[in-house]
Engineer: 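There's a structure below that I have some questions on.
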Amino acid sequence: MYVKEKDEATATAEQTIDVPQLTKTITVPAGMTQTFLFTVLGYATNFPSGGISSQGVFSLVQDGVKISSAYTSKVGNSPGGLVDLPIPVTFLKSVSLPAGTYTFKIQYTSWSGTAKVNVDPNNYGGYNQDKECILTKMQILVYNN
């Protein structure tokens, strides 16, 4: 399973938001146990407001409980003319689950500054119309035990 979305969302300082469209409900069939390997790639920026750094955390949440997370930040006007450069974060989590239905989602919490996720990069120079390049993504590999 591979989930990604282009809907932009904004988190103000100390606010937690669900990353749009990165929620997935999974059902493990009766009598089975399955292992799920989550790979999450997250980007947060405040483009195009510019000049202000932000920092925060992307979290993987299972049925309302955080089970993994990773820190990310965005530098303001950095050397060499890179403005609003999002620093990506990638993290992995493996979960083995018995029969049942489970809901997983990705959230972003801004620790400092206002941050946006799933920003359309059209205003960045050099991205060649690649609208997927700074989207937050979640990949789920399923293993039958």
Side-chain angles (χ1 to χ4, degrees), residues 1-28 33-143 145:
M1 288 177 250
Y2 178 70
V3 183
K4 66 179 178 69
E5 186 52 53
K6 298 177 183 175
D7 296 337
E8 185 176 286
T10 302
T12 58
E14 300 181 25
Q15 180 185 24
T16 298
I17 61 170
D18 293 344
V19 177
Q21 301 299 314
L22 286 183
T23 298
K24 183 68 179 171
T25 299
I26 298 171
T27 299
V28 177
T33 299
Q34 292 181 321
T35 299
F36 301 91
L37 176 60
F38 292 86
T39 303
V40 178
L41 173 63
Y43 292 90
T45 186
N46 66 352
F47 191 82
S49 59
I52 301 170
S53 295
S54 64
Q55 56 183 313
V57 65
F58 282 94
S59 299
L60 173 61
V61 176
Q62 176 188 336
D63 296 322
V65 177
K66 180 176 76 170
I67 60 171
S68 189
S69 62
Y71 169 84
T72 189
S73 65
K74 193 259 340 155
V75 276
N77 294 326
S78 60
L82 296 175
V83 178
D84 294 302
L85 177 66
I87 299 172
V89 62
T90 300
F91 62 100
L92 304 171
K93 178 67 177 179
S94 177
V95 180
S96 292
L97 298 169
T101 300
Y102 307 91
T103 300
F104 295 90
K105 65 181 167 182
I106 303 302
Q107 293 182 323
Y108 178 78
T109 302
S110 177
W111 290 352
S112 172
T114 298
K116 295 180 181 181
V117 296
N118 296 342
V119 174
D120 184 340
N122 274 340
N123 294 318
Y124 284 85
Y127 277 91
N128 300 322
Q129 307 301 314
D130 181 359
K131 294 186 184 288
E132 188 177 321
C133 64
I134 59 174
L135 294 178
T136 298
K137 301 168 181 77
M138 175 173 64
Q139 181 178 14
I140 308 167
L141 300 177
V142 181
Y143 300 92
N145 299 337

Engineer: Side chains of Thr35 and Ser94, heavy atoms from C-beta outward: is any pair under 4.5 Å?
Structural biologist: yes
Engineer: Got a second to check how far Leu41's CG is from Met138's CE, nearest 0.5 Å?
Structural biologist: 12.5 Å
Engineer: Which heavy-atom pair separates Val28 from Gln34 by the least distance, and what is that distance?
Structural biologist: CG2-OE1, 3.7 Å
Engineer: Tyr43 and Pro88: which non-hydrogen atoms are nearest, and at how many Å?
Structural biologist: CE2-CB, 3.3 Å
Engineer: Give the minimum heavy-atom separation between Tyr108 and Ala11, together with the two atoms involved.
Structural biologist: CD2-CB, 4.0 Å
Engineer: Working to the nearest 0.5 Å, report the span between CD of Gln107 and CG of Leu60.
Structural biologist: 9.5 Å
Engineer: For Val57 versus Ala70, what's the shortest heavy-atom pair and its separation?
Structural biologist: CG2-O, 3.1 Å
Engineer: So, applying side-chain hydrogen bond (donor to acceptor under 3.5 Å, both in side chains) with Lys105, which one of Thr23, Asp63, Thr25, Asp18 is it?
Structural biologist: Asp18
Engineer: Answer with yes or no whether the side chains of Thr114 and Thr12 bring together a donor and an acceptor at under 3.5 Å.
Structural biologist: no
Engineer: Let me confirm one number: the CD1-CG distance from Ile26 to Leu97, rounded to the nearest 0.5 Å.
Structural biologist: 8.0 Å
Engineer: If I take atom CD from residue Gln15 and atom OG1 from residue Thr10, how far apart are they, to the nearest 0.5 angstrom?
Structural biologist: 8.5 Å
Engineer: Looking at Pro20 and Asp7, what are the two nearest heavy atoms and their distance?
Structural biologist: CG-O, 3.3 Å
Engineer: Can you name the nearest heavy-atom pair linking Thr72 to Ala44, along with the distance?
Structural biologist: CG2-CB, 4.3 Å
Engineer: Quick one about Glu8 and Asn118 (side-chain donor to acceptor, distance below 3.5 Å, no hydrogens or angles considered), yes or no?
Structural biologist: no
Engineer: Phe58 versus Val117: any side-chain heavy-atom pair under 4.5 Å?
Structural biologist: yes
Engineer: How many angstroms lie between atom OG1 of Thr109 and atom NZ of Lys66, to the nearest 0.5 angstrom?
Structural biologist: 7.5 Å
Engineer: OG1/Thr90 to CD/Gln139 distance, rounded to the nearest 0.5 angstrom?
Structural biologist: 11.0 Å
Engineer: Backbone N or O of Phe91 within a donor-acceptor pair of the Lys93 side chain at under 3.5 Å?
Structural biologist: no
